[in-house]
2 protein chains.
Amino acid sequence: MKKYFGILRKCSLFDQIEDQHLIAMLSCLGARRAEFDKKYTIFAEGSPARYFGILLSGSAQIIRHDYYGNRSIVSGVVPGELFGEAFACAGEQTLPVSVVANEPCEVLLVDSTHVLHTCSNGCEFHRRMIYNLMRDMARKNIMVYSKLEITGKRSTREKILAYLAHMEQQTGKAEFDIPFDRQELADYLEVDRSGLSAEISKLKREGIIDCRKNHFVLL
Amino acid sequence: MKKYFGILRKCSLFDQIEDQHLIAMLSCLGARRAEFDKKYTIFAEGSPARYFGILLSGSAQIIRHDYYGNRSIVSGVVPGELFGEAFACAGEQTLPVSVVANEPCEVLLVDSTHVLHTCSNGCEFHRRMIYNLMRDMARKNIMVYSKLEITGKRSTREKILAYLAHMEQQTGKAEFDIPFDRQELADYLEVDRSGLSAEISKLKREGIIDCRKNHFVLL
DNA sequence: TAAAGTCTGTTGAATTTTCAACAAAAGGAG
DNA sequence: CTCCTTTTGTTGAAAATTCAACAGACTTTA
């Protein structure tokens, strides 16, 4: 498990918890490692939400399908991030979303009840971890609000610009890669793919942005 | 403060905490009561997010304005609910939204740092409260996901139906009042008001729903 | 390297949404 | 009760989005 310490140290759940305690905690949490190939479903919509995940490597997406099979991408997941924790912590819920591997993934599955209730060993790091988990959820909350702000825009153009502005703010740079291809970006922004492509071309012609594939520059 | 016990008992933050401990806790939290008239801003977008609120009476809305002043309603707040807690718990944030009184309101303002850090009295109910707060945030998270699902629909018609289905599920009844007037519903669903009215009329003509003002029936 | 498959940009037509303006209905104030 | 204000429904025109179809660019696989 030691090979994952680099990632786990960056995971907000273990903030200010030292390596020496990590191993004990992981077993205490009943954490187990799992692998998923590209396109595989890590968590399936509708299944019980007892476990949450920590992405160790690869990348994943949180998605939802409506009655007609239209895909909507809620967010991407990068290594070190938690996923599904809100559903696990709310209790008595089934998952309203799926989590799908975007490329081969390694994940750590954690039983949420082990986090929420102090372990029988009475280890004192639980308190820290619960605090960390709370802050993580607060931040996730804010992230979802951001998405609401982006997809709440009325036009495709405004959605694109709001998304790019958000990425600029998050990376601190006017030049960055986005984690989506065109279809995925469309599914994230809740717009039509061809309309999205057309609008991106227009923004390029107007000299507002530049991009090549998934690399964008704000001018 | 005793007159508010009825409401506070329903507040998720105080789940399983008995009345006798409540008074001590409230002072321990540095909670203070405040009143706001209709249309008054309880929390302003951009201001520091140190306090969160508990609505004691009245009703409020969490809203956001974009550059052009377009209003977007993120959610409504009813008595007993917390608001602003995610922003306060994420730390180092300013509010990305405003909270506005929809009618005369009484609120309890709570200093988030008092909740997150065990009080000097070392009262044991903090643990329970932190647990409650975490579950509250997890649920809020899920609520925002629901909103994302509703507003993520591509057409006005689908948004209306998704919203009404959500209300039906939440109330458990096919007949209910919605907490919005037409303009507010439009701002919540992120659509044009006149288009919304037109679509509601159409749904009525088609015999899919019935409504009078803000009372809706799913047929 | 060639072939097959996927992703992206373009286009035009059909559909929808937005916008602006107005009139009817409902609610509130005096 | 009447006047005034706010809310709601309707309409038509303008603008934007979606849809379907296709061609070229890029990837992957055999």
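All values reported here derive from a predicted model rather than from experimental measurement.
- Taking the ring centre of Tyr188(A) as origin, the terminal cationic atom of Lys147(A) falls inside the region bounded by 6.0 Å and 45° from the ring axis.
- Counting only residues at least two apart or in different chains, salt bridge (charged side-chain N to carboxylate O under 4.0 Å, His left out) contacts with residues 39-61 of chain A comprise Arg50(A)-Asp111(A).
- Residue Glu158(A) contributes atom CD, which lies 16 Å from atom P of dA15(D) at whole-angstrom precision.
- Between Asp187(B) atom CG and dT7(D) atom P there is a gap of 12 Å when expressed in whole angstrom units.
- The CD1 atom of Ile200(B) sits 16 Å away from the C1' atom of dT16(C) (whole-angstrom rounding).
- For the residue pair Ser112(A) / Glu85(A), no side-chain donor-acceptor distance below 3.5 Å is found, with atom types taken as modelled.
- Residue pairs that meet the salt bridge (charged side-chain N to carboxylate O under 4.0 Å, His left out) test with at least one member in residues 203-219 of chain B, sequence neighbours left out, are Arg157(B)-Glu206(B).
- When all heavy atoms of Ala101(A) and Phe36(A) are compared, the closest pair comes out as CB-CB, 4.2 Å.
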Study note, to complete from the structure: Per-nucleotide protein contact along nucleotides 16-30 of chain D, 5' to 3', at a 4.0 Å heavy-atom cut-off (B base, S sugar-phosphate only, - neither), is -SBBBB-----S---

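- Atom-to-atom, CG of Leu203(B) to P of dT16(C) comes out at 13 Å; the value is rounded to the nearest Å.
- The residue Ser197(B) sits close to a base: some heavy atom pair falls under 4.0 Å.
- Rounded to whole angstrom, the span from the CD1 atom of Ile160(A) across to the P atom of dT8(C) amounts to 14 Å.
- No side-chain donor from either of Arg64(A) and Tyr145(B) sits under 3.5 Å from a side-chain acceptor of the other.
- Distance, Lys159(A) NZ to dT18(C) C1': 14 Å, rounded to whole Å.
- Summarising the geometry, the separation between CG on Asn70(B) and P on dT17(C) is reported as 18 Å, rounded to the nearest angstrom.
- The distance from atom CG of Leu185(A) to atom C1' of dT8(C) is 13 Å, rounded to the nearest whole Å.
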